[in-house]
Amino acid sequence: MQLSLERQVAAGFAAAVLVLLLIGAAAWWSIVRFERAFSSVDHAHQVLNILEQIQVQALNVQTGSRGFALSGDPQYLQPFNTGVTSIRGDLAAARRLLADSPPQTAQLAILETRLAELVDLMQRRNDLRRTEQLSDEAAADFLSAGKRTMEDIRALIEAMAGHERELLAQRSRTTQRHAALTRAALLLAVAGILVIAASAGTRVQREFAARQRADRALERSRALFETLFEQATDALILTDRAGFIRRVSRRTEELFGYERAQLVGRPLENLMPERFRGRHVGHRDGYAAAPKVRAMGAGLELFGLKRDGAEFPVDIMLSPLELEEGPAVLAAVRDITERKAAAAALQRAADEVRDLYDRAPCGYHSLDPAGTIIEINATELEWLGYTREEVVGQRRFPDLLSPATSQVFTENFLRFKTTGRVENLEFELRRKDGSTFFVSLSATAIFDAQGNYVSSRSTVHDITARRTAERRLAELNAELKRHSSELEAANRELEAFSYSVSHDLRAPLRHMSGFAALLEQHPGLNLDAVARRYISVITGAAQKMGQLIDDLLAFSRLGRAPLNPIHLESDTLVRGLVRENLFEARPETRWHIQPLPPVVADLALLTQVWLNLLGNAAKYSRNSAPPEITVTGTTTEREVTFSVRDNGVGFDPKYAEKLFRVFSRLHAETEFPGTGVGLALVERVVTRHGGRVSAAGEPGRGATFSFTLPRFPPAPTTPIHANRPPPDPAR
């Protein structure tokens, strides 16, 4: 049954409305999906950017700690601390961005653990370096552990970035597909309207109403697109095929400093430095011939030009579009100034580390499994006289060794590749000019995940000076043995001399004294006063000579007698000697003895020192009225000092050094009797104990004699021939 025209119109109107509604709904849905796809593309870009920042900051942490460990300069801790702080913020941002992706969230959790391990490892190395407890071995361990952890971090970030790039590619394709669907839906709507208009010319008004509804839907779609376009975080620039700007986003105005009215209709080349404009025209034409979504200038450094003439680095993503007015290109421009600065800082840190490596005071090199040198620093190259090109990848380490030490390397290298460590191996290296020098080598091995040897990290120290010193030391030891033999012979001669003095000289002296006494007592002689004085002079001279012999022998025995140091109470010893008055001090002598510190010394020898010093003070102050003698003692961290001061005749300071020489006297025998051996004996005893003596005085104003003893004296000593007793002087 044929429908009436009114019904046909109504049916046609209904069909038109239905078609338009369906197409509008499809277009709306396509636009919504386009918006979601665009948002997901931006989300993927954000994730990639965060992952890149995390990797950069992790490298800052590692290089900052490494620089501090090598140099000890606290300035290297600034990138370390900045990196630690930035990593925390970036991880928080990454967690928010990846909250809807369980696989990525799981990977992120592992990444956080690795980053925490890296920060903890570097922090422990910093702490050890601050306290100067970072040994070479610990530094190598930290370096190896840091590299392994950093490799894990890079692998995790690369895996996560790869996942995001796959999503980005999928979402870009989805965006293109949705854009195409949107265009198709719009074309289908136009076609449907034309068909309806052609088939139902009488329904113009109703068709017009339907068209209005379609326009409103399209306006909503355009409004949505406007919102997305204007709120994009990257600067969006829409150009036609000829490269003229048709539209820019709000971010474009902010980034380049122009108002959009100043950009629309002008060539895109106005936003790039002059040096890039000529080449860009050719690149633009090439892109128009094969348009696709891709990064602009891949592998090149791109720069934007602000209105004020300032340049800044950019990344540009290109997307071809088909608009009603013809083909167009949408460029997404991102300012990467901060990223570039971070990369530059990282490069500077790497250059500084390399400089430290090359200019280190020791040699560094690395060997592959075959023993070939794959890395070497400038210091070691300078030692060897080779260029880097002549060594790296060209020579095995044994090629640089003398034949005598090449076998040492062969024997130890196989074991090293298993144990992973070698310390203080000595080699003789051969320079390019054929000369040789000795080095000490320590190394650690780097293994892959399967435990296979990859390379070495070797530290080389030039020990030529040490070897020279060792040879010199051996020569000195030989010379010392020779001198020791000569000293032993001299001691034997001294013993023989002492025996001769004791035995051969005493007999004539006894004869002189005996016959002088007999002569004086002879009943047949009538000796006058002069003769008796002559006999008295002979007797006194013989006795004086005997005393000199006794003192000389006592002085000689001091150099041969063993030291037997014990703990002595100096205060008790000195007060006892003063109380016994073995040196015949005048009764009216005033003694001022301050508390004296204890010492560790030989009792008999130290007693002799005190007897001589106290006796000298009593003797040379006996003419004072009254005699005053002061004894003091002080203690420092290393030694004990004793002083004996009197108010006697004193002496001229310029003769102070002569006082401690054997038989050296400053006063006449008739004025102050003595042999001149006492102070020499004091000096020898104190010196044998590891101390020193000194004297100070002024004529007529008294004198002060001082001696020091170490608080921690050497162990008891036994002189040469101590096992054979010296000859008895009485014989």
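For the residue pair Glu428 / Ser402, a side-chain donor-acceptor distance below 3.5 Å is found, with atom types taken as modelled.
In this structure, Ser144 contributes its side chain and Ala140 its backbone to no donor-acceptor pair below 3.5 Å. Judged by distance alone, with hydrogens and angles left aside, the side-chain atoms of Asn412 form a donor-acceptor pair with the main-chain N or O of Val408 at under 3.5 Å.
Taken from CG in Leu128 to OG in Ser135, the straight-line distance is 8.0 Å, to the nearest 0.5 Å. Rounding to the nearest 0.5 angstrom, the gap separating the OH atom in Tyr364 from the OG1 atom in Thr459 is 5.0 Å. Rounding to the nearest 0.5 angstrom, the gap separating the CD atom in Glu166 from the CD atom in Glu164 is 10.0 Å. Here the straight-line distance linking atom OG of Ser456 with atom CD1 of Ile446 works out to 7.5 Å at 0.5 Å rounding. The CZ atom of Phe409 sits 9.0 Å away from atom CG of Leu414, with the distance rounded to the nearest 0.5 Å. With values rounded to the nearest 0.5 angstrom, Thr63 atom OG1 is found 11.0 Å from Arg348 atom CZ.
Salt bridge Arg421/Asp141: present, at least one basic N to carboxylate O contact under 4.0 Å. Contact check on Arg154 versus Glu151 returns no salt bridge, with no Lys/Arg side-chain nitrogen under 4.0 Å from an Asp/Glu carboxylate oxygen. With respect to the salt-bridge test (charged N to carboxylate O, under 4.0 angstrom), the residues Arg114 and Asp152 qualify. A salt bridge links Glu470 with Arg466: at least one charged nitrogen is closer than 4.0 Å to a carboxylate oxygen. Under 4.0 Å is where a charged nitrogen must lie from a carboxylate oxygen, and between Glu117 and Arg148 no such pair does. Between Asp127 and Arg130 there is a salt bridge, since a side-chain N of the basic residue sits under 4.0 Å from a carboxylate O of the acidic one. Ionic pairing of Glu390 and Lys432 is present here: one or more N-O contacts between side-chain nitrogen and carboxylate oxygen are shorter than 4.0 angstrom. The residues Asp315 and Arg339 are annotated as salt-bridged, a charged nitrogen and a carboxylate oxygen being separated by less than 4.0 angstrom. Salt-bridge check for Arg692 with Glu639: passed, with a basic side-chain N closer than 4.0 Å to an acidic carboxylate O.
Taking 4.5 Å as the limit, every side-chain heavy atom of Phe80 sits out of range of all side-chain heavy atoms of Phe68. Between Glu426 and Val439 the shortest side-chain heavy-atom distance does not fall below 4.5 Å. Counting only heavy atoms from C-beta outward, the side chains of Glu112 and Arg95 approach each other to under 4.5 Å. The shortest distance between side-chain heavy atoms of Asn60 and Thr82 does not fall below 4.5 Å. Annotation: side chain of Leu429 is not in contact with side chain of Thr436 (no heavy-atom distance under 4.5 Å).
Not counting sequence neighbours, the partners of Arg88 by the side chain to side chain contact (heavy atoms under 4.5 Å, CB included) test are Val84, Thr85.
Taking both residues in full, the closest heavy atoms of Pro597 and Thr635 are given as CB-OG1, 3.4 Å, listed atom of the first, atom of the second, then distance. Scanning all heavy atoms of the two residues, the minimum distance from Thr337 to Pro313 falls at OG1-CD, 3.5 Å.
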Can Arg275 and Glu311 be said to form a salt bridge (Lys or Arg N to Asp or Glu O under 4.0 Å), step by step?
CA-CA 12 Å; Arg275 62 184 180 278; Glu311 297 184 12; 2.8 Å; yes
From CA spacing to verdict: side chain to side chain donor-acceptor pair (under 3.5 Å), Ser65, Arg125:
CA-CA 7 Å; Ser65 175; Arg125 178 167 65 182; 3.2 Å; yes
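Relative ring orientation between Phe276 and Phe303 is described as parallel, the plane-to-plane angle staying below 30° on a 0-90° scale split at 30° and 60°.
Exactly one residue among Leu156, Leu91, Ile153, Leu59 makes a side-chain contact (heavy atoms from CB on, under 4.5 Å) with Ile54. That residue is Leu91. Applying the side-chain contact (heavy atoms from CB on, under 4.5 Å) test between Val61 and each of Met122, Gln123, Met150 identifies Met122 as the sole match.
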